[in-house]
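Reviewing the structure listed below.
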Protein chains: 2
Amino acid sequence: MAVHDAMDVLSGKWKIYIISSICHYNKRRFSDILDDVVGISNKMLSKELKELEVNKLIKRTVLDTQPVTVQYELTEHGLTLKTIVENLTDWGIAHRKEIIGAQNSG
Amino acid sequence: MAVHDAMDVLSGKWKIYIISSICHYNKRRFSDILDDVVGISNKMLSKELKELEVNKLIKRTVLDTQPVTVQYELTEHGLTLKTIVENLTDWGIAHRKEIIGAQNSG
DNA sequence: CAGTATCCCTGTCGATACTG
DNA sequence: CAGTATCGACAGGGATACTG
């Protein structure tokens with residue numbers, strides 16, 4: 001099954017949300033993402049960020065501040081996901097309407 | 001976070017694969033999907049199909065055969081997912097190339 | 001064939017505490 | 001701030017057996 005290649009990288013409870021967060025802000029720090037993605041723990045965020053980095057979807061930059069801050073952004077390759085996430089978002093909104101509409105009329 | 005609406009419906013280990021299977025064949029029977037989606041159990045398939053049906057993404061039709069067969073197909077609304085799944089598939093293939101290419105050249 | 005019910009193992013993940 | 005390490009709960013889900 002062909003979707004498998006994509007699912008390998010994107011499955012997991014939080015990946016899409018993390019990508020969506022970084023996508024939206026272009027650059028985003030660890031604690032900011034922690035804040036964006038409601039419910040995620042630092043452990044999970046750390047783990048999933050690492051996986052996304054291994055897959056070259058995001059780039060991690062340590063900034064020389066005091067204390068250290070770390071910035072995440074999509075790589076050029078990661079940016080190719082932007083459309084998909086946007087489509088997904090739009091679809092979700094449309095879906096919500098569909099379901100709510102069905103409840104009202106039926 | 002806006003993707004949430006979509007993720008609510010599509011998250012889960014198997015949903016995308018199931019949709020992809022039905023999508024590909026237009027109409028598909030329980031045991032055929034069981035066969036398409038490598039690794040899924042009948043319990044999981046049954047459960048996830050039910051969730052997809054509740055969300056009006058698929059339609060379930062019991063055929064009057066002996067023994068009974070059941071056919072699943074995307075609803076009109078479910079068909080709006082087709083593009084997304086296709087994009088996801090294409091992205092996955094491109095991603096695979098990207099990663100393999102990076103290994104060769106780096 | 002198309003499911004449902006049960007039993008039980010496993011990995012996921014949250015909470016907490018700690019480091020540089 | 002940005003993580004890492006550890007512990008334990010708990011649900012996800014596999015195997016199997018059963019029904020109509």
Side-chain angles (χ1 to χ4, degrees), chain A residues 1 3-4 7-22 25-55 57-75 78, chain B residues 1 3-4 7-22 25-55 57-75 78:
Chain A
M1 184 147 300
V3 228
H4 189 261
M7 294 306 286
D8 254 10
V9 186
L10 300 176
S11 71
K13 197 173 174 182
W14 306 106
K15 296 242 171 59
I16 296 285
Y17 292 106
I18 295 171
I19 291 167
S20 178
S21 163
I22 301 176
Y25 291 101
N26 290 319
K27 296 171 193 257
R28 204 70 176 146
R29 289 181 314 158
F30 189 88
S31 57
D32 291 329
I33 304 174
L34 208 52
D35 209 52
D36 292 340
V37 182
V38 179
I40 197 172
S41 65
N42 53 352
K43 174 182 153 190
M44 275 301 106
L45 180 54
S46 173
K47 183 194 152 209
E48 306 242 298
L49 280 171
K50 226 177 269 175
E51 292 174 16
L52 291 173
E53 200 189 350
V54 166
N55 279 296
L57 296 180
I58 61 174
K59 186 179 140 201
R60 177 177 178 276
T61 312
V62 180
L63 300 179
D64 194 16
T65 53
Q66 183 52 255
V68 155
T69 52
V70 179
Q71 198 166 73
Y72 291 92
E73 58 194 306
L74 293 179
T75 61
Chain B
M1 184 146 301
V3 228
H4 189 261
M7 295 306 285
D8 255 9
V9 188
L10 300 176
S11 71
K13 197 173 175 181
W14 306 107
K15 296 243 172 58
I16 295 285
Y17 292 107
I18 294 170
I19 291 167
S20 178
S21 163
I22 300 176
Y25 291 101
N26 290 319
K27 295 172 194 256
R28 203 71 175 147
R29 288 181 315 159
F30 189 87
S31 58
D32 290 330
I33 304 175
L34 208 53
D35 209 54
D36 293 340
V37 182
V38 179
I40 197 171
S41 64
N42 51 352
K43 174 181 153 189
M44 276 301 107
L45 180 54
S46 172
K47 183 194 151 208
E48 307 243 296
L49 280 172
K50 225 175 272 175
E51 293 175 15
L52 291 173
E53 201 190 348
V54 166
N55 278 296
L57 296 179
I58 61 174
K59 186 180 139 200
R60 178 177 177 276
T61 312
V62 181
L63 301 181
D64 192 18
T65 54
Q66 183 53 253
V68 155
T69 53
V70 179
Q71 199 166 71
Y72 291 93
E73 57 194 308
L74 293 179
T75 61

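As a basis for the values below, the full set of heavy atoms in this structure was taken, side chains included, without hydrogen atoms, waters or symmetry mates. To find a chain, count down the sequence lines: A is the first, B the second, and so on, and within it residues start at 1.
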Along DNA chain D (nearest heavy atom to each residue), the more 5'-positioned of A:Lys50 and A:Pro67: A:Pro67
Euclidean distance, atom NZ of residue A:Lys47 to atom P of D:dA5 [Å, nearest integer]: 15 Å
Phosphate OP1/OP2 of D:dT4 contacted by A:Ser46 side-chain N/O (<4.0 Å): yes
Selected nucleotide, minimal atom distance to A:Lys43 side chain, candidates C:dA15, D:dG3, D:dG13: C:dA15
Side chain of B:Thr69 - closest among C:dC1, C:dA17, D:dG14: C:dC1
Residue matched to D:dT6 through Watson-Crick or wobble contacts both under 3.5 angstrom: C:dA15
A:Gly12 or A:Val68, whichever maps to the more 5' nucleotide of DNA chain C: A:Gly12
Nucleotide forming a Watson-Crick or wobble pair with C:dG20, both distances under 3.5 Å: D:dC1
Presence of B:Lys13 side-chain N/O under 4.0 Å of D:dG14 phosphate oxygens OP1/OP2: yes
Distance below 4.0 Å between B:Ser41 side-chain N/O and D:dG13 OP1 or OP2: no
B:Tyr72 side-chain N/O to C:dG3 phosphate OP1/OP2 under 4.0 Å: yes
Worked check of side-chain contact (heavy atoms from CB on, under 4.5 Å) between A:Ile18 and A:Ile58: CA-CA 10 Å; A:Ile18 295 171; A:Ile58 61 174; 5.7 Å; no
Among D:dA17, D:dG13, C:dA2, the one nearest B:Asn42 by side-chain distance: D:dA17
N/O (side chain, A:Arg60) to phosphate O (OP1/OP2, D:dA2) under 4.0 Å: no
